[in-house]
Visitor: 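Submitted below is the structure of interest, expressed as structure tokens.
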There are 2 protein chains.
Amino acid sequence: MAFSLAAVERFFKVLGDDNRLRILQVLGTGERSVSEILDQTRLPQTLASFHLRILREAGVLTAERRGPFIYYRLAERSLLNLLEACAKYAETLTDPKAGPEFHWPPWGQMCRMMGQRRR
Amino acid sequence: MAFSLAAVERFFKVLGDDNRLRILQVLGTGERSVSEILDQTRLPQTLASFHLRILREAGVLTAERRGPFIYYRLAERSLLNLLEACAKYAETLTDPKAGPEFHWPPWGQMCRMMGQRRR
DNA sequence: TCCTCATATAAAAAGATGCTCATATACTAG
DNA sequence: CTAGTATATGAGCATCTTTTTATATGAGGA
């Protein structure tokens, strides 16, 4: 019921970024070198490196050097399922601020109109 | 496999905040008026209102006015399960940047020392 | 050893977010 | 209608995050 706030917050903060999600999407299909990640995401090298570091330091990714290349992979494959679950939920979210301004229903007014008293 | 980036990103961004998570934690136990939320979170009124708006506009919360009070509740109770799943994952994350600086293993050097060649 | 490739790090610039303070709106009681 | 309570909104700052630009490090080959 009371989950560990700090941990979850960090998790959401780390994943709450477009570029990092795209990187994860690429790595979801398996281990990749940085060069491959650059190709597939079209991110500038230095920016990708920045985000990879964040993911790595959060423990989401694992890095290993082999020769001149550094290979990244998901630390836990189970992250993919979690992402899918989140995506599923996220896509059901209906955005209630459809119009330019959200307006509170004029409760008191309506009650008067309908001859009702507050309960 | 390829989840809807934009939706998930927004979801993570909205949940990636300490105060918002605390609000959700309170609402996890059921519907609450703003006053009650203020009591339980000890947030300044205006700040709580700010975060409530973000959660509401994201579709995570639902608000309804009854008399002078406005009651908030989770739009989808299933969010709680999702949060728990995320918490579970988040808590397993081992932070690899233990020391002040992370150092890449000196692969080439090690190979030379061990008389190996790159493959 | 020197050069080049692959990748990381640091510092500065640009952008986004969260917080506070002041004020507005909706409702109810008198 | 007036005053008081409940809650929302808006402007300005401070802070944190992302992006860019410049530079460093480590590996392999000539």
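All chains are named by letter (A, B, ...) in the order of the sequence lines, taking the proteins before the strands, and each is independently numbered beginning at 1.
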Visitor: Out of A:Leu79, A:Val14, A:Val60, which one pairs with B:Leu93 under the side chain to side chain contact (heavy atoms under 4.5 Å, CB included) rule?
Guide: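 Of all the options given, the one that passes is A:Val60.
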
Visitor: Separation of B:Gln45 atom CD from D:dG10 atom P, in whole Å?
Guide: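 It is 14 Å, rounded to the nearest whole Å.
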
Visitor: In this structure, how many angstroms lie between the P atom of D:dT7 and the CG atom of B:Leu43, rounded?
Guide: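 After rounding, the gap between these two atoms is 14 Å.
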
Visitor: Measure from the side chain of B:Leu47, starting at C-beta and using heavy atoms only, and say which of C:dC19, D:dT9, C:dA8 lies closest.
Guide: C:dC19

Visitor: Among D:dT9, D:dA6, D:dT20, which is the nearest nucleotide to the side chain of B:Arg53?
Guide: D:dT9

Visitor: If you check the A:Thr46 side chain, which of D:dT18, D:dA8, C:dA10 turns out closest?
Guide: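 Output: C:dA10.
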
Visitor: What is the distance from CD1 of A:Ile54 to C1' of D:dT19, rounded to the nearest Å?
Guide: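 About 11 Å, once rounded to whole Å.
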
Visitor: Looking at A:Arg66, does any N or O in its side chain come under 4.0 Å of the phosphate oxygens OP1/OP2 on D:dA27?
Guide: no

Visitor: If I take atom CD1 in residue B:Ile37 and atom P in nucleotide D:dA6, what distance separates them, rounded to the nearest angstrom?
Guide: 14 Å

Visitor: Please pick, from D:dT9, C:dC27, D:dT17, the nucleotide with the shortest atom-to-atom distance to any side-chain atom of A:Lys13.
Guide: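 So the side chain of A:Lys13 is nearest to D:dT17.
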
Visitor: Nearest whole angstrom, please: distance from the P of D:dT9 to the CG of B:Leu52.
Guide: 11 Å

Visitor: Would you please confirm or rule out a distance under 4.0 Å between OP1 or OP2 of D:dA6 and any side-chain N or O of B:Tyr71?
Guide: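 No, no such contact exists.
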
Visitor: What's the closest nucleotide to the A:Ile70 side chain, out of D:dA6, C:dA6, C:dA8?
Guide: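 My answer, after comparing the listed nucleotides, is C:dA8.
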
Visitor: Does the side chain of B:His51 get closer than 4.0 angstrom to OP1 or OP2 of C:dT17 through an N or O atom?
Guide: no

Visitor: Is it possible for you to check whether A:Arg56 lies under 6.0 Å from the centre of the six-membered ring of A:Tyr72, through NZ or CZ, and within 45° of that ring's axis?
Guide: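 Not flagged: A:Arg56 not positioned over aromatic ring of A:Tyr72.
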
Visitor: Among C:dA8, C:dG18, C:dA6, which is the nearest nucleotide to the side chain of A:Phe69?
Guide: C:dA6

Visitor: Under 4.5 Å between any side-chain heavy atoms of A:Leu27 and A:Ile37, yes or no?
Guide: yes

Visitor: What is the separation between atom CZ on A:Phe50 and atom C1' on C:dA14, rounded to the nearest whole Å?
Guide: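 So the CZ-C1' distance, A:Phe50 to C:dA14, works out to 13 Å.
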
Visitor: Which listed nucleotide (C:dC27, C:dG18, D:dA8) is nearest to the side chain of B:Arg65?
Guide: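 Among C:dC27, C:dG18, D:dA8, the one nearest the side chain of B:Arg65 is C:dC27.
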
Visitor: What is the distance, to the nearest angstrom, from the CG atom on B:Leu55 to the P atom on C:dG18?
Guide: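 Atom-to-atom, B:Leu55 to C:dG18, this comes out as 10 Å.
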
Visitor: Closest to the A:Ser49 side chain: C:dT20, C:dT7, D:dA8?
Guide: C:dT7

Visitor: Answer yes or no: are there more than 12 heavy-atom neighbours, outside B:Lys88 itself, under 6.0 Å from its atom NZ?
Guide: no

Visitor: Within 45° of the six-membered ring axis of B:Tyr71 and under 6.0 Å from that ring's centre, is NZ or CZ of B:Arg66 located there?
Guide: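 Ring-cation test returns yes.
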
Visitor: Mind calculating the distance between CG (B:Asp18) and C1' (C:dC19) to the nearest angstrom?
Guide: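 Interatomic distance, CG of B:Asp18 to C1' of C:dC19: 13 Å.
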
